[in-house]
Amino acid sequence: MNLTELGALLDHMPKQILRFKGVLLLSDEKRLALQRAAGSLTSWELERKENEEESRLFFIGEDTPSHWVDIVQRLDRLRAPS
């Protein structure tokens, strides 16, 4: 994932998304842990694991299907080309 584009997406999350966390594999080969809780976003670099091929994000929020569909579509567009 491209970190700049991801940052723009995460800065504009719907208020119905209460928390999220995950591990991202960035386009520059870095591995980043990310967490937002209580309105605060934190991140830190992790050591890259061998054979790790995908990012994983977990979201917690209100059950508003349109928000979830939109977030999934926006995240899919951020994936770096293979």
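These numbers come from the heavy atoms of this one structure, side chains and all, not from hydrogens, waters or symmetry mates. The chain is numbered in sequence order, starting from 1.
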Distance, nearest 0.5 Å, that separates CG of Leu75 from CG of Leu10: 7.5 Å
Qualifying salt bridge (charged side-chain N to carboxylate O under 4.0 Å, His left out) pairs with a residue from residues 37-47, counting only residues at least two apart or across chains: none
All pairs passing ring-ring contact (aromatic ring centres under 6.0 Å, His included) where residues 13-39 contributes a residue, at least two apart: Phe20-Phe59
Validation: residues 32-41 side-chain donor-acceptor distances under 3.5 Å, sequence neighbours left out:
unit_1	atom_1	unit_2	atom_2	d
Arg36	NH2	Ile17	O	2.5

Inter-residue atom distance Met13.CE - Arg74.CZ, 0.5 Å rounding: 6.0 Å
Members sharing Val72's hydrophobic cluster (side chains within less than 4.5 Å): none
ring-ring contact (aromatic ring centres under 6.0 Å, His included) pairs, two or more places apart, involving residues 31-51: none
Which residues share a side chain to side chain contact (heavy atoms under 4.5 Å, CB included) with Val23, sequence neighbours left out: Arg31, Leu46, Glu52
Gap separating the OG atom of Ser55 from the CG atom of Leu26, nearest 0.5 angstrom: 7.0 Å
